[in-house]
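For reference, the structure is listed below as structure tokens.
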Amino acid sequence: MRRKIIIPKKELKRLYYKEKKSKYKIGAIYGCSFKTVLNRMRECGMKPLPRSVIQSKYEKKDFSGNKLEKAYILGFRVGDLNVYKTTEESKVIVARCNTTMTEQAELLEKIFSKYGKVSYNKKGKEAYSVNCFLNDSFDFLLPKSCDVEDWITLKNNYSASFASGYIDAEGNIGVYDGRARFKIDSYDREIIHWMYKWFVKNDIICPIPKKIYKKNQVYNKSKNYKYNEDLWRLRVSNQESLKRLFDLIYSFIKHKKRKEDIKKCLNNLNDRKKKK
């Protein structure tokens, strides 16, 4: 018969309520499962702490207030972040995303680790679930708004920083068939059209954004996968315009692979120019 694992009530309360250790960590201390810890808590009449309280134990720092940084984070948020509070009363803000790219997980850690706890766990063989725990000075991230704020639009370096955040989240930059290319395929119609206007303002030649797939159109018949919304494409192929775009965004880009891809594109553009 298996021996029942005993966790002294006083010690269990200290670990859980005072040190705010999770049930998993308490289980690791006593060599038992999460479920066993939960059972011992129930036997002692202990009530679970709200998730927000457990999360609040991590040290958090206020947002810097830097507008270039804020513009970048807002661009990235619209592109690839789910941001929420665990409860209405909570002062903890969680910014999270799921990604198959290691660089994306590392980028979130780079952006937010100076402000709070960042954890990422593997989901399956290739996917990561990334969670960033921030204080309420990041409440500007809570609304997902596709209306770009005036202070970003009116100053070109803020616009470049915002665009770079969005490109780090959604952009595709590379050399295809021997030619440098830039494109974004996105459901965010308002952002795509805002970026097009910003490109035109900066003499970047590109076609008007195009709807390439319609909402509910099937893209994988065997699994019946459908597009959730209309899918829009913004692309730049003109050599001089690509160079102008990369010059505008390179210093603001934080994604490791995006920077490498821009360098490859610039080398391609230079090589093609020499051959003319």
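The figures here come from the full heavy-atom set of this structure, side chains too, leaving out hydrogens, waters and symmetry mates.
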Which atom names give the shortest non-hydrogen contact between Lys264 and Val175, and what distance separates them? O-CG2, 3.9 Å
Pairwise distance CG(Leu231) to CD(Gln217) - rounded to 0.5 angstrom: 9.5 Å
Heavy atoms, side chains only, cut-off 4.5 Å: are Lys256 and Lys110 in contact? no
Over all atoms of both residues, closest heavy-atom pair of Pro207 and Arg235: CD-O, 3.4 Å
Least distance between heavy atoms, Asn157 atom then Leu68 atom: O-CD2, 3.5 Å
Does Glu149 pair with Lys70 as a salt bridge, N-O distance under 4.0 Å? no
How many angstroms lie between atom CG of Asp136 and atom CG of Leu142, to the nearest 0.5 angstrom? 9.5 Å
Kindly indicate whether the side chain of Val118, heavy atoms from C-beta on, has any atom under 4.5 Å from the side chain of Asn131. no
Stepwise, does the side-chain contact (heavy atoms from CB on, under 4.5 Å) test hold for Leu108 with Phe76? CA-CA 10 Å; Leu108 280 170; Phe76 195 92; 3.7 Å; yes
Tell me whether Asp185 is salt-bridged to Arg233, with the criterion being a basic N under 4.0 Å from an acidic carboxylate O. yes
Parallel, tilted or perpendicular for Trp151 and Tyr158, by the 30°/60° rule? perpendicular
Criterion side chain to side chain donor-acceptor pair (under 3.5 Å) on Ser164 and Ser161, from CA distance to verdict: CA-CA 5 Å; Ser164 298; Ser161 189; over 6 Å; no
Test side chain to side chain donor-acceptor pair (under 3.5 Å) on Tyr166 and Ser186 and set out the steps. CA-CA 10 Å; Tyr166 193 78; Ser186 170; 2.5 Å; yes
Identify whether the distance between the nearest side-chain nitrogen and carboxylate oxygen of Glu43 and Arg40 falls below 4.0 Å. yes
Donor-acceptor pair, distance only, cut-off 3.5 Å: does the side chain of Arg244 make one with the backbone of Asp203? yes
Output yes when Glu240 and Lys243 qualify as a salt bridge under the 4.0 Å nitrogen-oxygen rule, no when they do not. no
Any Lys23 side-chain heavy atom under 4.5 Å of Met41 side chain: yes
For a side-chain contact (heavy atoms from CB on, under 4.5 Å) check, start with the C-alpha distance between Glu103 and His255, then their side-chain angles and the critical distance, and finish with the verdict. CA-CA 7 Å; Glu103 294 93 344; His255 194 297; 3.6 Å; yes
Name of the residue among Asp80, Thr99, Asn98, Asp168 meeting side-chain hydrogen bond (donor to acceptor under 3.5 Å, both in side chains) with Gln104: Asp80
Ser137 and Tyr115 side chains, donor-acceptor separation under 3.5 Å: no
Is the shortest side-chain heavy-atom distance between Tyr213 and Asp230 below 4.5 Å? no
Residue pair Ile7, Tyr16: steps toward the side-chain contact (heavy atoms from CB on, under 4.5 Å) verdict: CA-CA 12 Å; Ile7 305 176; Tyr16 188 68; over 6 Å; no
So does Gly178 get a backbone contact from the side chain of Asn268, meaning a donor-acceptor N/O pair under 3.5 Å? yes
Minimum heavy-atom separation for Tyr227 to Lys214, with atom names? CB-O, 3.8 Å
Does the side chain of Ile204 come within less than 4.5 Å of Phe182's, by heavy atoms? no
Could you tell me the separation between the NZ atom of Lys144 and the CG atom of Leu81, rounded to the nearest 0.5 Å? 9.5 Å
Locate the shortest heavy-atom distance separating Arg258 from Ile167; write the atom from each residue and the value. NE-O, 3.1 Å
Pair Phe199, Leu245 - check side-chain contact (heavy atoms from CB on, under 4.5 Å), show working. CA-CA 8 Å; Phe199 284 3; Leu245 171 60; 3.7 Å; yes
Side chains of Ile191 and Ile184, heavy atoms from C-beta outward: is any pair under 4.5 Å? no
Kindly say whether the aromatic ring centers of Trp194 and Phe162 come within a distance under 6.0 Å. yes
What is the distance from atom CD1 of Ile192 to atom SG of Cys146, rounded to the nearest 0.5 Å? 10.0 Å
Heavy-atom side-chain contact between Glu229 and Arg189 under 4.5 Å: no
Approximate separation, where rounding is to 0.5 Å, of Asn66 CG and Ile73 CD1: 9.0 Å
Between Trp232 and Asp188: side-chain donor-acceptor atoms closer than 3.5 Å: no
How about Phe140 and Phe138: do any of their side-chain heavy atoms sit closer than 4.5 Å? yes
In Å, rounded to the nearest 0.5 Å, how long is the span from NZ of Lys4 to CG of Asn39? 8.5 Å
Could you pull out the closest heavy-atom pair between Cys206 and Val236, with the gap in Å? CB-CG2, 3.9 Å
